[in-house]
K.L.:
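Here it is: the structure, laid out below.
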Amino acid sequence: MARQHILRFPEGFLWGTASSSYQCEGGNKNSQWYRWEQQGHIFTGEQCGEACNWWEDAEHDFQLAEQMENNALRLSLEWSRIEPAEGQWDSGAIDRYRAMLKDLRSRHLKPIVTLHHFSIPIWFAERGGFADEANIQHFVRYTKYAIENLRDLCDFWMTINEPNIYATLGYLIGTHPPGEHDFVLTMRVLRNLLQAHIEAFYAIRDLQPQAEIGYCLHYRLFDPANELSPLDRSAASLQDTLFNWEILQAAETGRFYLPLKLLVAPIPYASGSRDFHGVNYYTREMVRFDPTIPTELFGRRFVRPDSVRNDPGKDIDFGEIYPYGLYRVLKSIFQHTRGNKPLYITENGFSDALDDRRPQAILEHLAMVHRAISEGIPVRGYLYWSLVDNFEWAEGWGVRFGLIELDPQTQERIPRSSASMFGEICRANAITEEIVERYAPKVLDTIFGATNGAPYQIPV
Ligand code: BGC
């Protein structure tokens, strides 16, 4: 079989980047994350500060996205700006978001807007946030207000970013606010977030029937350290099932099939409450059975030795760069959901300050997306995390995910080589041999098929 010289993506494929309000806007002092920073919880001791200055001038970066010929851009609304105190609405915040969305549209960048991306107003956090089911109504009220005021400018909404990460980091691992370590509470928060998504979904559907509405989950693979060890396999499979697939099933069906399912009340009306699946994928971890760590479900997680890796943070090891994992995730979601909805990759990114692994990583992950599409999995878009370096939550400014390098002190931007490569891919709506030759020649064969005719020989 001859080598393919081009990997074309379907017409209308969405190309863009993803970001969030707290990480980019700057000055969000009514958010629980601001308070968390003041309490000294950022591992680098840094502060978000002006972030990427988007509240003043997001348009500067939107122009860079336009120059890359992106046709979509994902951002989030900052609830703590729109409703800084309970029941008080700031029309100035809405005006600013209207200006941002208009600017995106004028540049042919389709706005994809998330309503909740980790940051909540302090007043809402003080009421117990999503740990209290009674508070969901506040999120739904804010959702309605946002849709009523912005629906003429956006028709693609994501309710909640990564309920599984929000619940795990805030309520189990405790590195995000409110810094709890409580499994039962984690499950409650997760359940309430899924319910909040469903209620928000139907509220949006009523107000804007033609809108596309969904949410995204974070998918992280867990593989056995030793394939031949039944104990390693069971430990890995338990983590994989609980973190990825049971959560997806719970979101799909409203029923949790967890060991503690009796503690988790079912969620009504789950089924059908999304128009697409948002997929955030970054990495995988290896798992070795370890009888001494029941709290980790008897599985010791680690990064595969000798793998190509992301830059590590101070606390989080961003781990292995594992392109084949994206294909596996897409395929598994397709199977778990019986292909019921289109998929969008709403985040995929690499921390690589020197940009010496990112171009290859993007190419290899996109080749996996292409492979999934060619097998009939309806992937409709790819959003790279992120356009510019931004404030990486508890890791502060320590790790760099941007296509564009940012100096947060001077606000100077320097596009990385990945930015020009991503622009070329978006422009061509394809990965061409020329692009690969220029940015990552050593993966030509793995991307286009080696001489033995086997396509996409990216290591598994
Ligand atoms: C989050 C982003 C974060 C990214 C990189 C995702 O889980 O949605 O806010 O910056 O991971 O760590």
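We count ligands from 1, going down the list as the structure has it; atoms in each ligand are counted the same way.
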K.L.:
For I316, which part has a heavy atom under 4.0 Å from ligand 1: side chain, backbone, both, or neither?
P.N.:
neither
K.L.:
With a 6.0 Å cut-off on the ring centroids, do W79 and Y22 count as close?
P.N.:
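Between W79 and Y22, the centre distance exceeds or equals 6.0 Å.
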K.L.:
Decide whether the shortest distance between a heavy atom of N161 and an atom of ligand 1 is less than 4.0 Å.
P.N.:
yes
K.L.:
Is the ring pair W393/F118 parallel, tilted or perpendicular, if the boundaries are 30 and 60 degrees?
P.N.:
tilted
K.L.:
Any salt bridge between R416 and D389, counting N to O under 4.0 Å?
P.N.:
yes
K.L.:
Check for me whether the distance between the ring centres of Y382 and H365 falls short of 6.0 Å.
P.N.:
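Distance test on ring centres: not under 6.0 Å, no.
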K.L.:
Given the side-chain rings of H176 and W36, with only the six-membered ring counted for Trp, is the space between their centroids under 6.0 Å?
P.N.:
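No.
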K.L.:
Provide, to 0.1 Å, the distance between atom 6 (C) of ligand 1 and the closest protein heavy atom, together with that atom's residue and name.
P.N.:
E347 OE1, 3.0 Å
K.L.:
Near H218, which atoms of ligand 1 are under 4.0 Å from a heavy atom of that residue?
P.N.:
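Near H218, the atoms of ligand 1 are 7 (O).
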K.L.:
Could you tell me which atoms of ligand 1, counted from 1 in the order shown, lie closer than 4.0 angstrom to a heavy atom of F318?
P.N.:
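Answer, ordered by atom number: 12 (O).
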K.L.:
Please state which protein non-hydrogen atom is closest to atom 12 (O) of ligand 1 and give its distance, to 0.1 Å?
P.N.:
E392 OE2, 2.6 Å
K.L.:
Measure the acute angle between the ring planes of Y282 and F401, then classify it against the limits of 30° and 60° as parallel, tilted or perpendicular.
P.N.:
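Correct class here is perpendicular.
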K.L.:
Please identify which atoms of ligand 1 are closer than 4.0 Å to at least one heavy atom of H117.
P.N.:
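Those qualifying, in numeric order: 1 (C), 2 (C), 8 (O), 9 (O).
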K.L.:
What protein heavy atom lies closest to atom 7 (O) of ligand 1? Include the residue and the distance to one decimal.
P.N.:
E162 OE1, 2.6 Å
K.L.:
Count the heavy atoms belonging to other residues, nucleotides or ligands that lie under 6.0 Å from OH of Y202, then report whether that count exceeds 12.
P.N.:
yes
K.L.:
At what distance is the nearest protein heavy atom to atom 4 (C) of ligand 1, and which residue and atom is it?
P.N.:
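Ranked first by proximity to atom 4 (C) of ligand 1 is Y282 OH, 3.3 Å.
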K.L.:
Using distance alone, decide if ligand 1 has a nitrogen or oxygen within less than 3.5 Å of any nitrogen or oxygen in N280.
P.N.:
no
